[in-house]
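A short write-up of the structure that comes next.
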Amino acid sequence: MLSKRVKYAIKTLLFLNRKDNASLFSAKKISESERIPLKFLEQILRELKQNKILKSERGAEGGYTFMKNPADIKVLDVIRIVDGPVAMLPCASLNFYEKCADCTDEATCSIRKLLISVRDNMLPLLDTSIADMTKSEQSPI
């Protein structure tokens, strides 16, 4: 399940991408516009800033904007920054692999095989950029 932290991070990035990329938006403005609790949002913004997705300026006219081009920010990257591994089990993870303590033979484990298949089918979908998501919001279906 997608965590609220990831959902709010993506909503924040979509909000900023819909706006003028030269403008700065305060945490309060983002919070009000996207209905994200301010304290929760501030933690997410800090993480996105630490990972060089966003930059901020202090002061009365300060706020947040993109450090990285929205076309280069993948949903997959946001999930990994905010929540860590994408795989449902550590033994099915590409980047955060860990052997299962209770597994006797990974090569024949049906659960692992299924979750690797889920991962392999999910990763290309999550490789969508924030810019692409914003475009799809604006195009009629």
Going by heavy atoms in the side chains, are [X] and [Y] under 4.5 Å from each other?
X: Arg119; Y: Met88; result: no
X: Leu16; Y: Phe25; result: yes
X: Val86; Y: Met122; result: yes
X: Asn95; Y: Arg80; result: yes
X: Thr128; Y: Lys74; result: no
X: Phe66; Y: Leu13; result: yes
X: Leu54; Y: Thr65; result: no
X: Leu126; Y: Ile79; result: yes

Any donor-acceptor pair under 3.5 Å linking the side chain of [X] with the backbone of [Y]?
X: Asp77; Y: Ile73; answer: no
X: Thr134; Y: Ile130; answer: yes
X: Asp105; Y: Ala107; answer: yes
X: Ser93; Y: Pro85; answer: no
X: Ser33; Y: Ile30; answer: no

Closest non-hydrogen atom pair, [X] against [Y]:
X: Val82; Y: Ala9; result: CG2-CB, 3.9 Å
X: Ser31; Y: Leu38; result: OG-N, 3.5 Å
X: Lys68; Y: Lys52; result: CB-O, 3.7 Å
X: Cys91; Y: Glu106; result: CB-OE2, 3.9 Å

When hydrophobic residues are tied together by side-chain contacts of less than 4.5 Å, even through go-betweens, does [X] share a cluster with [Y]?
X: Val118; Y: Leu89; value: yes
X: Ile111; Y: Tyr97; value: no
X: Leu76; Y: Leu115; value: no
X: Leu123; Y: Ile116; value: no

Q) If you measure from the Lys or Arg side-chain nitrogens to the Asp or Glu carboxylate oxygens, is any gap between Asp132 and Lys135 under 4.0 Å? A) yes

Kindly compute the distance separating [atom1] ([X]) from [atom2] ([Y]), expressed to the nearest 0.5 Å.
X: Asp83; Y: Lys4; atom1: CG; atom2: NZ; result: 13.5 Å
X: Lys7; Y: Leu2; atom1: NZ; atom2: CG; result: 8.5 Å
X: Lys29; Y: Ser23; atom1: NZ; atom2: OG; result: 11.0 Å
X: Ile53; Y: Asn69; atom1: CD1; atom2: CG; result: 11.0 Å

Q: Quick one: which residue pairs count as a salt bridge (Lys or Arg N to Asp or Glu O under 4.0 Å) with a foot in residues 33-51, not counting sequence neighbours?
A: Arg5-Glu47, Arg18-Glu34, Lys39-Glu42

**Q.** Residue pairs passing the ring pair (Phe, Tyr, Trp, His ring centres under 6.0 Å) test where at least one lies in residues 28-55, sequence neighbours excluded
**A.** Tyr8-Phe40

